[in-house]
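Within every chain, numbering begins at 1; the chains are lettered A, B, ... in the order of the sequence lines, protein sequences first and strands thereafter.
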2 protein chains.
Amino acid sequence: MQDKYDVIRLKNQLCFPLYAVSNLIIRKYKPLLDKLDLTYTQYIVMMVLWEKGRVNEKILCQTLSLKSNTMTPLLKKLEGKGYIEKAKDTGDGRNLVITLTQSGNDLRDKALSVPECISKELYISPEDAELLYRTLYKILDAEKEIENENSL
Amino acid sequence: MQDKYDVIRLKNQLCFPLYAVSNLIIRKYKPLLDKLDLTYTQYIVMMVLWEKGRVNEKILCQTLSLKSNTMTPLLKKLEGKGYIEKAKDTGDGRNLVITLTQSGNDLRDKALSVPECISKELYISPEDAELLYRTLYKILDAEKEIENENSL
DNA sequence: ACAAATTATATCGCACGCGATATAATTTAA
DNA sequence: TTAAATTATATCGCGTGCGATATAATTTGT
């Protein structure tokens, strides 16, 4: 039985399970990240810093697909917790350079157990996780490509 | 080269692309939903109502995996816009029954074009979309099952 | 050189999402 | 029956995300 309204049934939307699973995972992270005094978004910022050690805000925003209106207050909070330091780039005074403090760097080892805890709580096979990961990055990469074309 | 920190590299997390794609899609919905005077979350609530016509708040919360602290203010806004009406269940006074107004029901036809607009803006093949959809629902369904077991 | 355009960051206001908690209505149990 | 437990909704406070806009620093064009 075809109904013209079928297209706007919740069950026929890709967006909804994405939204629901994203919320679900962030919820699962919360108790683990509480121990590190981090929110989920602060955690992904810290992951970038743990990896690169030193990043400017623009790169951080691009990497995480966030804008300065989200990043600026978030960095202020991480600075307040003593995990990062901010400094103006001596070359270009517009750029803000973020670096890890000792305490921020120490947090890295405490975070090591987080991914395994999460994967235990997520009911998904390694194959499905791999599949999901790849498909999602296809979307993100395609989007980045379009953005780059538009900014030429 | 294996590094003990590999597990907390952003690129090795499933959560991040999920979060980024979910944000991306909601961002893409915004200009379309603005025309209907709906936010994304309000839109998925309306989808449930368009389908069922009449729902109580608890079912709505369960369907969308949201809690009353998100739903209550949201319903207040939809009521303010004249799209829904709230009434206490005559049987059990704790239950809040939500119904569509005429204006809320009329919105359904205006929303019909939304899914196609979104799918044009998402760079994903129908096969990948199907794959993504199925895998995400595996996670959601497994989660629901666990929740049900816990509430016995 | 210097005004205009561009770029990077910050601010503002709004709407979630969530844990914790409060309130109201119903059910349960002694 | 009536006090305690349970259930459904509401409130509170905080931290995002986001479009729009403002501010500060640099680059560009003439």
Side-chain angles (χ1 to χ4, degrees), chain A residues 16 18-46 55-62 64-81 86-98 151-152, chain B residues 15-16 19-35 37-46 55-62 64-81 86-98 151:
Chain A
F16 173 66
L18 266 167
Y19 161 89
V21 171
S22 176
N23 285 346
L24 172 67
I25 296 191
I26 292 175
R27 240 171 5 242
K28 286 189 180 293
Y29 268 101
K30 176 131 203 328
L32 298 172
L33 295 181
D34 278 350
K35 294 177 192 158
L36 309 179
D37 191 20
L38 291 175
T39 64
Y40 178 73
T41 317
Q42 289 165 14
Y43 173 61
I44 60 177
V45 167
M46 292 302 286
V55 186
N56 71 35
E57 184 171 335
K58 196 198 171 192
I59 301 294
L60 211 44
C61 288
Q62 282 175 349
L64 302 178
S65 299
L66 293 170
K67 304 281 170 55
S68 71
N69 47 16
T70 300
M71 197 54 79
T72 299
L74 194 152
L75 292 177
K76 207 169 281 182
K77 267 159 212 151
L78 285 177
E79 191 186 29
K81 293 176 186 181
K86 300 185 293 182
K88 280 196 175 182
D89 188 313
T90 46
D92 186 335
R94 286 170 303 184
N95 291 51
L96 197 65
V97 182
I98 320 295
S151 66
L152 290 184
Chain B
C15 63
F16 173 65
Y19 161 89
V21 171
S22 175
N23 285 345
L24 172 68
I25 295 189
I26 292 175
R27 236 168 13 238
K28 286 189 181 293
Y29 268 100
K30 177 130 202 329
L32 299 172
L33 295 182
D34 278 349
K35 294 177 192 158
D37 192 20
L38 291 175
T39 64
Y40 177 73
T41 317
Q42 289 165 15
Y43 174 61
I44 61 176
V45 167
M46 291 303 286
V55 186
N56 70 33
E57 185 172 335
K58 196 199 171 191
I59 302 295
L60 211 44
C61 287
Q62 283 174 349
L64 303 179
S65 300
L66 292 171
K67 306 280 170 55
S68 70
N69 47 15
T70 301
M71 197 54 79
T72 299
L74 194 152
L75 292 176
K76 206 169 282 181
K77 266 160 214 154
L78 285 177
E79 191 186 28
K81 293 175 187 183
K86 299 185 294 183
K88 280 196 174 183
D89 189 312
T90 46
D92 187 335
R94 288 171 300 185
N95 291 51
L96 197 66
V97 181
I98 319 295
S151 68

Can you measure [X] atom [atom1] to [N] atom [atom2] for me and round it to whole angstrom units?
X	N	atom1	atom2	answer
A:F16	C:dG17	CZ	C1'	14 Å
B:Y19	C:dC16	OH	P	17 Å
B:N23	C:dA15	CG	P	18 Å
A:I26	C:dG19	CD1	P	12 Å

Self-check item: Outermost DNA chain D nucleotides near chain A [under 4.0 Å, heavy atoms]
Solution: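 Span of nucleotides near chain A: D:dG15 to D:dT26.
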
Self-check item: Those residues that, when tested against B:D92, pass side-chain hydrogen bond (donor to acceptor under 3.5 Å, both in side chains) (two or more places apart)
Solution: B:R94

Within a strict 4.5 Å, meaning less than it, do heavy atoms of the [X] and [Y] side chains meet?
X	Y	answer
B:V55	B:L60	yes
A:L66	A:T41	yes
A:V97	A:D89	yes
B:L64	A:F16	yes

Under 3.5 Å, side chain of [X] to main-chain N/O of [Y], donor-acceptor pair present?
X	Y	value
A:K86	A:L75	no
A:S22	A:L18	no
A:T39	A:Q42	yes

Look at all strands and tell whether [X] reaches a base, only sugar-phosphate, or nothing, counting heavy atoms closer than 4.0 Å.
X	result
B:T41	sugar-phosphate
A:L74	sugar-phosphate
B:N69	base

Exercise. Fit a plane to each ring of A:Y40 and A:Y29, take the angle between them on a 0 to 90° scale, and name the class: parallel (under 30°), tilted (30 to 60°) or perpendicular (over 60°).
Key: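 Geometry flag for A:Y29 against A:Y40: tilted rings.
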
Quiz item: On DNA chain C, nearest-nucleotide positions of A:L75 versus B:K67: which is more 5'?
Solution: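 Residue closer to the 5' terminus by nearest nucleotide: A:L75.
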
Exercise. Within residues 27-39 of chain A, find the residues that approach DNA chain D with a heavy atom at under 4.0 Å, and present them sorted by residue number.
Key: A:T39

Self-check item: Residue mapping more 5' on DNA chain D - nearest nucleotide basis, A:S65 or A:D89
Solution: A:S65

